Amino acid sequence: MIRALSKICLSAMLAVPLAACGSNWQSALDVHGTSAISLKHLILLIVAVCSVVWMLVMVALIWALWHRREGLSTPPQPGRERRMTIAVIGAVIVTAVIIGTFTIMSFFATRSLSVAGQDELTIRVRGLQWWWGIEYLGPDPSRRFETANEIHIPVGRSVHLKLEGLDVIHSFWVPSLAGKQDLIPGRSNELTIRAEQPGVYRGQCAEYCGMQHAHMALLVIAESQDDFDKWANAERNAAAQPVEEEAAAGMQTFLTKPCAACHTIRGTIAAGTTGPDLTHVGSRRTIAAGLFETTRGSLAAWIADPQTIKPGNNMPMVPLAPEELRDVSAYLASLK
Amino acid sequence: MRERIVLDLRKLPLHGMGTQSATWWGTLAFMLIEGTGFALAIAVYLYLMSLATTWPIDAPPPDLLPGTLVTLILLVSLVPNILISRWAEQQDLRKVRIGLVVMSILGIAPLIVRVFEFPALRISWDTNAYGSVVWLLLGLHTTHIITDLADTLVLAALMFTRHAQNARRFGDVQDNAMYWNFVVAAWLPIYGCIYWLARL
Amino acid sequence: MNMPAKASDTRDIDIQGSCLTEALTETWKTPPGIWGALTTVDHKIIGRRYIFTAFVFLVLGGVLAVLMRIQLAQPEARLLGPDRYNQIFTMHGANMMFLFAVPVMEAVAVYLVPLMVGTRNIAFPRLNAFSYWIYLAGGALLWIAFALDMGPDVGWFAYVPLSGPQYAAGKRADIWAQMITFTEVSALAVAVEMVVTVFKQRAPGMTLDRIPVFVWAMLVTSFLIIMAMPAIMVASTSLILDRLVGTHFFNPAEGGDVLLWQHLFWFFGHPEVYIIFLPAAGMVSTMIEPFARRPAFGYLGLVMALIATGILAFGLWVHHMFVAGLPRLGESFFTASSMAIAIPAGIQIFCWLATLWDGRPVFKTPLLFIIGFFVTFVIGGLTGVMVASVPFDTQVHDTYFVVAHFHYVLVGGAVFPLLGAIHYWFPKLTGRMMSETLGQWSFWLIITGFNATFFPMHILGLEGMPRRIYTYQPDLPWHALNVFASLSSIVLTAGFLVFFINVIRSAWAGDVASDNPWDAATLEWATSSPPPSFNFAMIPVVNSLHPLWDCRDALAVAKGLRTDRRELVVTSLNTAEPQAREASPRNSIWPLLTAIATSIMLIWSIFTPWAVVWGSIPIAIALIGWFWPKGTPEDEA
Ligand code: HEA
Ligand code: HEA
Ligand code: CUA
Ligand SMILES: [Cu+2]
């Protein structure tokens with residue numbers, strides 16, 4: 001039975017590297033970032049060595065339990081004791097060599113990961129309960145801009161992230177691109193990410209941060225330099241003036257209701273900072289930190305009752321008449 | 001299982017003194033616990049100090065007078081404390097009684113000065129982290145003085161009753177004296193932290 | 001200067017057979033009824049109580065685990081909302097660590113260590129009684145709060161600022177912090193008793209190299225408790241101060257620091273996991289002997305490994321903070337020290353394998369659990385080595401990979417040996433044997449259920465599933481493995497259910513056990529099952545590591561203790577030479593009263609700092625009652 005069991009465990013062990021073949025946009029095994037790729041190699045190597053160690057221990061266990069014992073006199077016997085001593089010391093030496101190797105490998109891997117590229121784009125990432133504030137920094141203050149829950153980066157360039165926790169501790173983790181790093185109030189941490197292929201990578205807050213820790217996701221969109229520049233320039237612009245009547249009415253509602261006290265829409269008087277910047281909310285793929293795809297419907301659903309959809313989050317339900325709701329969602333959806 | 005008698009314990013004393021007694025080791029273990037607590041509290045102090053740009057944070061260093069006075073009283077108290085331990089070993093009840101009275105007074109005295117020591121910190125616990133940690137250190141040490149004083153008072157009372165003439169009680173006096181040495185010894189690094197590190 | 005022997009001075013040497021037993025029973029007994037139950041200081045009664053209570057907490061924590069597994073079986077499940085789920089995982093973790101795993105190991109030791117070292121009661125028996133009551137009060141506090149929807153929801157390590165005054169309104173975080181105080185006080189008390197029992201109350205002749213490995217393990221564990229628990233006391237006290245009186249230890253705006261909490265917590269938290277694991281390792285070392293039919297191979301190596309683990313345990317704490325942004329070079333040191341733990345762990349594994357190889361294994365339930373321990377613990381230990389690597393950890397920290405790691409080491413490394421130990425020592429605890437058939441059933445169900453529940457979590461973690469999430473979205477590919485884990489946890493639960501049925505059934509109707517049913521070698525098997533209130537009618541004298549194997553004809557004993565006074569032998573630290581016939585305290589109600597007074601003070605102090613001042617007065621009174629001599633023979637000296 002032990003044999004059968006060890007077979008099961010063994011095949012399960014092998015399932016780890018196999019699982020890497022699947023595709024997943026938030027996985028340490030489906031990797032598209034420079035550091036995640038080298039981390040994956042390290043992980044697979046260490047897992048493989050450890051699997052072998054485990055199998056050897058199991059073989060030794062099975063042998064110890066079921067080897068033939070005929071003709072043995074009552075233990076312990078000096079000769080056998082000596083052989084066992086040698087075997088144990090040998091195994092300890094092997095252990096020491098393996099962990100020594102692991103330690104050195106880890107040390108060099110860490111060092112190579114923390115060397116940042118030269119040409120840098122710097123982004124400030126702020127963690128709040130339970131969404132991400134994103135600010136593109138740059139030498140020229142007029143070219144800075146803010147957005148939320150979505151980061152665009154040019155493929156093949158090292159992007160420098162400054163991580164700040166504004167309320168409690170959060171952790172920035174986009175496994176397909178890089179390992180995680182905490183955002184800690186009163187401290188500032190840094191992380192460099194670099195995508196090797198264009199794509200959309202999902203990340204999720206990895207440090208328990210309260211009620212809605214489960215719904216604090218973000219997207220990293222890696223695209224060509226051209227696409228990135230186009231996007232960045234669009235983001236720098238103030239919000240478009242609504243053209244449709246519905247949206248124009250929505251803007252009025254938005255500005256007169258409490259919304260404006262918490263949200264910023266550049267180009268209007270709305271300049272609140274408690275909630276995410278909504279200047280181009282319609283162009284973002286998701287709302288409420290990865291909870292829904294952005295559509296007019298999902299915007300309306302969110303605004304109508306954020307507390308049922310994401311219980312405990314920091315946006316209150318603002319009572320709106322049905323047509324006000326329709327107008328506001330039309331307006332926000334138009335903010336491309 | 002059948003039994004075979006190989007050892008006779010009849011001659012053994014009913015109570016062992018010093019390291020022979022379980023209470024002595026128990027006291028030592030508690031001192032280890034509390035010593036670790038003090039060491040950690042000091043580590044917190046040093047840790048916060050290493051993070052701060054200026055130290056003390058937004059406050060003048062504490063007044064030296066009351067703290068130094070407490071230090072002196074505590075150091076002086078060591079003399080009768082060591083004597084009482086010796087007298088207890090000799091099981092000299094009369095001297096032990098006198099010693100306990102003296103030690104009770106020498107336990108109350110630093111507490112009286114301590115009342116002035118808190119304001120002499122010149123910062124409140126809720127002003128900033130520096131204030132919090134000095135109050136923590138001082139508070140922690142004060143509770144130790146209070147508990148040992150309470151123990152001394154109870155022992156003093158006990159030694160004036162019929163229960164006094166007993167090796168076990170003399171052992172208690174010794175353990176109590178050992179603990180007081182610890183309370184004094186623990187104070188010295190705390191004193192250094194609160195009063196002198198803040199002046200560096 | 002000894003008091004002159006009184007007329008009542010009766011010695012065991014003067015009386016024979018049943019008269020001796022009667023006299024000793026009269027002196028050492030716990031009176032029947034409720035009063036006896038509340039006043040007893042018998043380590044066996046308290047130990048049994050402790051074990052029972054800890055297993056109740058295991059069931060309660062297990063039920064919460066099953067609730068979490070049901071919730072996670074589907075994406076966006078609505079069984080539990082975020083608020084409830086967060087309370088549940090916090091309760092599960094805090095309950096399992098502070099109310100189950102640590103206390104249960106101490107509980108077993110409270111029962112066994114005095115028997116294994118051949119003495120009549122634990123050192124400081126009243127402190128022992130107090131420690132149980134305080135533990136019970138702490139557990140009740142946590143669970144009553146949870147029932148009132150005031151259960152902590154900040155995770156079992158309650159990171160600030162989430163648990164601080166700004167982000168944790170209400171009393172939930174205070175409940176967590178004060179529950180810590182209760183369990184730490186009780187753990188520290190037991191640790192002191194354990195150290196002194198092992199140092200001073202070993203049977204004559206039990207020199208340092210004749211101490212059973214389990215007793216060594218408990219000694220090292222007790223020192224870990226003594227050196228580690230003050231850190232969490234400092235941490236939880238400063239947290240309560242921050243919350244109650246406005247100090248700023250953890251407030252970065254006023255010079256405090258958020259990571260200070262993590263340093264303090266893990267300076268305790270890492271040794272904590274060895275506080276759980278080392279006793280289990282000691283159980284394996286001790287249990288393997290009767291089932292391999294030979295002495296454990298490498299006694300010195302096993303003991304040194306325990307000590308080395310204990311020392312290294314204090315140099316690892318930062319490995320829980322690898323992604324907090326500490327200096328990289330410093331972190332590498334903690335990688336090295338964490339990995340180094342593999343050496344003492346390896347030494348133990350290799351010595352046990354050698355023992356089995358050279359022995360003649362007897363495949364009874366306890367040995368099965370030991371085998372299950374090898375299979376699972378080594379996986380858990382190896383994943384521990386993986387997460388000890390800083391770069392590796394940046395991908396798996398705070399994911400289900402870590403959840404898998406720690407359940408493999410906690411359940412595989414500590415609970416499996418514990419279950420084996422229950423089967424093994426059950427006759428000594430109750431006088432009856434556990435059923436072998438049910439034992440085997442529970443073993444196979446538990447080991448399959450456990451591995452099937454937790455193995456997939458490694459993969460989930462690598463596939464990006466963070467821990468402590470109450471739900472996940474359907475577009476993430478985690479559903480299949482989660483369902484699989486949740487279904488498997490039913491098998492695991494069934495295994496535990498069979499185990500508990502076996503315990504209850506056997507306690508009523510198991511086969512009556514002989515003194516030494518497994519033909520084991522250590523002293524607890526030299527007395528009856530269960531032992532009489534005085535443990536040994538005559539104190540054993542030890543001249544080997546395996547006293548019951550090395551002189552099978554008759555047990556060497558010492559004579560000359562009084563029977564009218566609770567008397568035990570105090571021996572020297574190294575060589576266990578007899579030094580005194582020390583008294584052991586009688587039953588008393590004061591420990592319970594002290595515990596009640598302490599509980600009132602601690603709970604009250606969640607609400608106002610003045611509780612510490614006024615609440616201390618009844619405690620002081622109760623302590624005076626506790627220690628004031630009552631003129632019994634025990635006060636003689
Ligand atoms: C009983 C409890 C227990 C035990 C014994 C261990 C044992 C170990 N643990 Fe574990 N650990 C926990 C309980 C435990 N742990 C808990 C509860 C947490 C999570 C807390 C939380 O976040 O909630 C945790 C988390 C944890 C982390 C933090 C992970 C993270 O949060 O990201 C790390 C990192 O280094 C770690 C490492 C180790 C190591 C190196 C060992 C070593 O002691 C393992 C040594 C054993 C072996 C290695 C196997 C036997 C050896 C051989 C067969 C020899 C051959 C071996 C080699 C060649 C390598 N543990
Ligand atoms: C010794 C410690 C211990 C033990 C034994 C367990 C046992 C179990 N744990 Fe636990 N676990 C922790 C310590 C432990 N855990 C810790 C420290 C955490 C971290 C908490 C945190 O993040 O703060 C954690 C977190 C944790 C999580 C992650 C939660 C999250 O991050 O969101 C999960 C999820 O699956 C889980 C599952 C289980 C399961 C299924 C068991 C099973 O083994 C339980 C099986 C036992 C029983 C089921 C009881 C016996 C059954 C009966 C008597 C039958 C009657 C019962 C029913 C009818 C239901 N645990
Ligand atoms: Cu933010 Cu978890
Ligand atoms: Cu650890």
Side-chain angles (χ1 to χ4, degrees), chain B residues 1-16 19-23 25-26 29-30 32-41 43-44 47-48 51-52 57-58 91 125-133 135-136 140 146 150 154 158 161-163 166-172, chain C residues 1-3 11 13 123-124 188 191-192 195-196 199-201 204 226-227 229-231 233-234 238 241 245-249 251 254-257 260 263-264 515 526 538-539 541 553-561 569-570 573 578-583 620 624 627-629 631 635-637:
Chain B
M1 203 166 189
R2 283 193 314 112
E3 279 145 352
R4 181 163 47 91
I5 298 168
V6 297
L7 194 66
D8 188 350
L9 304 170
R10 267 179 295 186
K11 298 275 152 52
L12 289 183
L14 286 181
H15 178 71
T19 59
Q20 296 200 349
S21 109
T23 31
W25 287 95
F30 277 108
L32 190 56
I33 294 172
E34 275 141 43
T36 314
F38 280 127
L40 284 162
V44 170
Y47 178 85
L48 291 173
L51 289 182
I57 304 174
D58 295 337
Q91 309 207 353
W125 67 85
D126 57 0
T127 312
N128 58 38
Y130 162 73
S132 308
V133 73
W135 276 76
L136 177 78
L140 196 63
I146 293 174
V154 175
L158 190 58
T161 68
R162 70 190 163 90
H163 300 291
N166 182 322
R168 203 174 293 282
R169 297 287 88 78
F170 288 112
D172 291 347
Chain C
M1 196 185 69
N2 299 333
M3 303 252 298
R11 297 292 174 98
I13 209 133
F124 314 125
L188 284 165
V192 171
V195 167
V196 178
F199 274 7
K200 296 307 290 174
Q201 292 188 192
I226 287 175
M227 311 286 289
M229 298 248 171
M233 294 283 253
V234 170
S238 5
L241 289 174
V245 300
T247 54
H248 297 289
F249 290 103
N251 178 5
E254 293 292 351
D257 183 47
L260 171 60
H263 283 295
L264 284 173
D515 290 2
M538 276 167 284
I539 302 297
V541 176
D553 50 334
L555 183 70
V557 293
K559 268 209 159 194
L561 295 188
V569 191
V570 164
L573 181 59
Q579 290 176 322
R581 294 181 286 130
E582 188 62 69
I624 293 173
F627 287 106
W628 197 268
D635 290 326
E636 292 168 24

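Owing to the predicted nature of the structure, the values given are computational and were not obtained by experimental measurement. Per chain, numbering begins at 1; letters A, B, ... match sequence-line order.
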- Counting heavy-atom pairs under 4.5 angstrom with chain C, the leader among B:L48, B:V44, B:T19, B:N128 is B:N128

- In this structure, are over 12 heavy atoms from other groups packed under 6.0 Å from B:D8 atom CG? yes

- Sub-4.5 Å side-chain heavy-atom contact between C:P578 and B:L7: yes

- chain B contacts, top residue of C:I624, C:V569, C:V245 (heavy-atom pairs, under 4.5 Å): C:V245

- Task: Go through C:A583, C:A191, C:P204 and name the one with the most non-hydrogen pairs under 4.5 angstrom from chain B.
- Result: C:A583

- Closest non-hydrogen contact found for C:H248 with B:S132 is N-OG, 2.9 Å

- Message: Let's go through C:V195 and B:W25 carefully: what are the C-alpha distance in whole Å and the side-chain angles of both, what is the deciding distance for side-chain contact (heavy atoms from CB on, under 4.5 Å) to 0.1 Å, and is it a yes or a no?
- Response: CA-CA 8 Å; C:V195 167; B:W25 287 95; 5.8 Å; no

- Output the option from B:G37, B:A22, B:A29 having the highest count of non-hydrogen pairs under 4.5 Å with chain C. B:A22

- Item | Check: C:F249 and B:L136 side chains under 4.5 Å, non-hydrogen atoms | yes

- Task: Enter the distance from C:L260:CG to B:Y47:OH here, rounded to the nearest 0.5 Å.
- Result: 5.5 Å

- Closest heavy-atom pair, C:V570 versus B:Q20, reported as atoms and distance to 0.1 Å, is CG1-O, 3.1 Å

- Once you round to the nearest 0.5 Å, how far does NE2 of C:H263 lie from CG of B:L40? 13.0 Å

- Reported CH2-to-OG1 distance for the pair C:W628 and B:T161, which is rounded to 0.5 angstrom: 5.0 Å

- Message: Which heavy atom of C:P230 sits nearest to which heavy atom of B:T36, and what is that distance?
- Response: CG-CB, 3.9 Å

- Task: Please determine, among C:A620, C:G631, C:G560, the option with the most heavy-atom pairs under 4.5 Å with chain B.
- Result: C:G560

- Message: How close do C:P629 and B:R169 get, counting heavy atoms only, and between which atoms?
- Response: CG-NH1, 3.4 Å

- Who among C:K200, C:M233, C:K559 has the most heavy-atom pairs with chain B under 4.5 Å? C:K559

- Query: When rounded to the nearest 0.5 angstrom, what is the spacing between CG in B:L9 and CZ in C:R11?
  - Reply: 9.0 Å

- B:G26 versus C:V196, closest heavy-atom pair with distance: N-CG2, 3.7 Å

- Select, from B:L158, B:T23, B:D172, the one with the greatest count of heavy-atom pairs under 4.5 Å involving chain C. B:L158

- Task: Walk me through it: do B:R4 and C:M538 pass the test side-chain contact (heavy atoms from CB on, under 4.5 Å)?
- Result: CA-CA 10 Å; B:R4 181 163 47 91; C:M538 276 167 284; over 6 Å; no

- Item | For the student: nearest non-hydrogen atoms of C:E254 and B:T127, plus distance | OE1-O, 3.4 Å

- Query: Between B:I5 and chain C, which part of the residue has a heavy atom less than 4.5 Å away: side chain, backbone, both or neither?
  - Reply: both

- At a heavy-atom separation under 4.5 Å, does B:A150 approach chain C through its side chain, its backbone, both, or neither? neither

- Task: Rounded to the nearest 0.5 Å, what's the gap from CG on C:D635 to NE2 on B:H15? Could you check?
- Result: 11.5 Å

- Task: Quick one: pull up CE in C:M229 and CD1 in B:I33 and give me the separation to the nearest 0.5 Å.
- Result: 10.0 Å

- In terms of heavy-atom proximity below 4.5 Å to chain B, should C:V234 be classed as side chain, backbone, both, or neither? side chain

- Item | Residue among B:L140, B:I57, B:V133 with most heavy-atom pairs under 4.5 Å to chain C | B:V133

- Message: What part of C:D257 gets within 4.5 angstrom of chain B, counting heavy atoms only: side chain, backbone, both, or neither?
- Response: both

